[in-house]
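Hydrogens, waters and symmetry mates play no part in the numbers below; they use all other heavy atoms, side chains included. Numbers here are sequence positions counted from 1.
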Amino acid sequence: MIAAVVGVGLIGGSLALSLKERGVANWIIGVDNNTGNLAKAQELGIIDEGSTLEDAMDRSNLVVLAIPVDATLGAVTGILDKVKDGQVIMDVGSTKHKLLQLVAGHPNRGRFVAAHPMAGTEYSGPEAAVKGLFTGKTMVLCDVKNSDEDAVEMVEAMVDKLNMRTVYMNGEEHDLHTAYVSHISHITSFALALTVLKKEKEQGRIFELASGGFESTVRLAKSSPDMWVPIFKHNRNNVLDVLDEHIRQLEQMKELLQSEDYETFYKLIQKSNKIRKILK
């Protein structure tokens, strides 16, 4: 099988490596507006060749859109206009509701499969691609009832070969849950980084004192704004909802500290420890 990966950064590059390593595809065509990224991806052995979207569409069985959600929204209908018989178009973006609304009435909607691998790092670009990034992780497939059966089967077979778990959701459900388990983590990390940089004038001191706890909490602040601003934009309502609750929790903790109510604070932290039952 020939697979085209549009966007050869962290997710696209890691997926390209896995598709080849697991025998899902025997040839990977990379597509990217950044010619430097294409050259680097080929140099690193992530892709077999770089080409144009038109050429990749003409020659591939599977086309994976691994670009920011804004770019996917701008490109997907044009790509579906040109889809060939038996070809599958798949996206791996972090928001789904608006995308699925956009393609809903397209005559080739059945050839599209909306997917989201729950995996990643804080780094970006082809150099960030990681072998085995998806092993043991979850792939969310959205609104598969609106995709052709053979298209879904191709993606499901790919997910299986990547040793991933499959979860099925609708677009709204996906965006709500990712706001709580992913998007809030990133926006909190960005805010924490800004807080520390604002308060700690001697930035060298941060690195001297920062330990594992701080690093693990703030590492997501290294993530690319090119990727995350579109995510926040297109999942705005859900992110605002979870942000309101997060701010409420922070204000409660602030009030307990101000009133020196350490007994209630203890109980609050004890309550938060219940997350151990979910995250082991």
Side-chain angles (χ1 to χ4, degrees), residues 1-57 59-76 79 88-95 99 113-141 154-155 157-164 178 182 186 219-231:
M1 183 174 79
I2 298 175
V5 177
V6 184
V8 293
L10 165 65
I11 298 299
S14 298
L15 187 57
L17 287 171
S18 295
L19 291 176
K20 199 74 175 289
E21 183 182 29
R22 299 286 181 173
V24 178
N26 52 21
W27 193 259
I28 306 288
I29 303 171
V31 178
D32 203 296
N33 287 335
N34 186 323
T35 55
N37 281 351
L38 277 183
K40 177 59 72 174
Q42 193 163 1
E43 177 190 327
L44 294 171
I46 294 170
I47 59 174
D48 294 300
E49 64 171 302
S51 190
T52 63
L53 178 59
E54 290 73 21
D55 177 61
M57 285 284 298
R59 295 162 53 204
S60 60
N61 308 99
L62 172 67
V63 178
V64 181
L65 304 180
I67 49 181
V69 289
D70 268 348
T72 297
L73 286 165
V76 68
I79 288 172
V88 175
I89 312 299
M90 168 187 170
D91 93 296
V92 291
S94 294
T95 66
L99 176 61
V113 178
H116 181 200
M118 301 300 293
T121 74
E122 64 271 30
Y123 301 107
S124 57
E127 298 92 339
V130 179
K131 283 186 177 181
L133 178 67
F134 306 105
T135 302
K137 301 300 196 310
T138 298
M139 180 76 84
V140 185
L141 301 184
M154 179 190 283
V155 173
M158 180 198 76
V159 172
D160 188 54
K161 285 189 177 181
L162 296 181
N163 289 331
M164 300 182 74
T178 53
S182 173
H186 282 80
R219 70 174 180 83
L220 296 177
K222 301 173 188 175
S223 300
S224 169
D226 292 329
M227 176 181 174
W228 279 96
V229 171
I231 290 171

K.L.:
Are any non-hydrogen side-chain atoms of Leu162 and Leu15 less than 4.5 angstrom apart?
P.N.:
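The answer is yes, as the side chains (C-beta and beyond) meet within the 4.5 Å cut-off.
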
K.L.:
Can you check whether Gly136's main-chain N or O pairs, donor with acceptor, with Asn163's side chain at less than 3.5 Å?
P.N.:
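Looks like no, no N/O pair under 3.5 Å.
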
K.L.:
How far apart are the closest heavy atoms of Ser18 and Gly132, and which atoms are they?
P.N.:
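Reported closest heavy-atom pair: OG-N, 4.1 Å.
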
K.L.:
Does a side-chain heavy-atom distance below 4.5 Å link Pro117 with Met164?
P.N.:
yes

K.L.:
Calculate, to the nearest 0.5 Å, the distance between atoms NE2 and CG belonging to His116 and Leu99 respectively.
P.N.:
12.5 Å

K.L.:
Which distance, rounded to the nearest 0.5 Å, do you find between the CG of Asp48 and the CG of Asn26?
P.N.:
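Answer for the CG-CG pair, Asp48 versus Asn26, is 8.5 Å.
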
K.L.:
Rounded to the nearest 0.5 Å, what separation is found between the CD1 atom of Ile89 and the CG atom of Leu65?
P.N.:
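Answer for the CD1-CG pair, Ile89 versus Leu65, is 6.5 Å.
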
K.L.:
May I ask you to decide if Ile28's main-chain N or O and Glu49's side chain share a donor-acceptor pair within less than 3.5 Å?
P.N.:
no

K.L.:
Apply side chain to side chain contact (heavy atoms under 4.5 Å, CB included) to residues Val229 and Asp70 and explain how you reach the verdict.
P.N.:
CA-CA 9 Å; Val229 171; Asp70 268 348; over 6 Å; no

K.L.:
Kindly give the heavy-atom pair with the smallest separation between Ala115 and Leu141, and that separation in Å.
P.N.:
CB-CD2, 3.6 Å

K.L.:
Answer yes or no: is there a donor N or O on one side and an acceptor on the other, between the side chain of Ser14 and the main chain of Val130, under 3.5 Å?
P.N.:
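Present.
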
K.L.:
Do Met118 and Thr178 pass the side chain to side chain contact (heavy atoms under 4.5 Å, CB included) test, and can you show the C-alpha distance, the side-chain angles, and the key distance before you say yes or no?
P.N.:
CA-CA 9 Å; Met118 301 300 293; Thr178 53; 4.2 Å; yes

K.L.:
Testing the basics here: between Met154 and Asn61, what is the closest heavy-atom pair and its distance to 0.1 Å?
P.N.:
CE-O, 4.2 Å

K.L.:
For the residue pair Ile67 and Gly7, what are the closest heavy atoms and their distance?
P.N.:
CG2-CA, 3.8 Å

K.L.:
Do you know the tightest heavy-atom contact between Asp55 and Ser51?
P.N.:
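In this case the closest contact between Asp55 and Ser51 is OD2-OG, 2.6 Å.
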
K.L.:
Quick check for you: to the nearest 0.5 Å, what is the distance between Met139 atom CE and Met90 atom CE?
P.N.:
4.0 Å

K.L.:
Using a 4.5 Å cut-off on heavy atoms from C-beta on, say whether the side chain of Val31 contacts that of Met57.
P.N.:
no

K.L.:
Mark yes or no for whether Asp32, through its side chain, and Val8, through its backbone, hold a donor-acceptor pair below 3.5 Å.
P.N.:
yes

K.L.:
How many angstroms lie between CG in Leu53 and CD1 in Ile29, if you round to the nearest 0.5 Å?
P.N.:
10.5 Å

K.L.:
Hey, are the side chains of Glu43 and Pro126 touching, using non-hydrogen atoms and a 4.5 Å cut-off?
P.N.:
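Sidechains of Pro126 and Glu43: no contact.
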
K.L.:
Given side chains that start at C-beta, do those of Met227 and Leu10 come closer than 4.5 Å, heavy atoms only?
P.N.:
no

K.L.:
Is there a side chain to side chain contact (heavy atoms under 4.5 Å, CB included) between Leu17 and Leu133? Walk through the geometry before answering.
P.N.:
CA-CA 9 Å; Leu17 287 171; Leu133 178 67; over 6 Å; no

K.L.:
Set out, in order, the CA-CA distance, both residues' side-chain angles and the distance that settles side chain to side chain contact (heavy atoms under 4.5 Å, CB included) for Leu38 and Ile47, then state yes or no.
P.N.:
CA-CA 8 Å; Leu38 277 183; Ile47 59 174; 4.0 Å; yes

K.L.:
Supply the atom-to-atom distance Tyr123 OH to Ser223 OG, rounded to the nearest 0.5 angstrom.
P.N.:
9.5 Å

K.L.:
How close do Ile11 and Ala119 get, counting heavy atoms only, and between which atoms?
P.N.:
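Smallest heavy-atom distance, with atoms named: CD1-O, 3.5 Å.
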
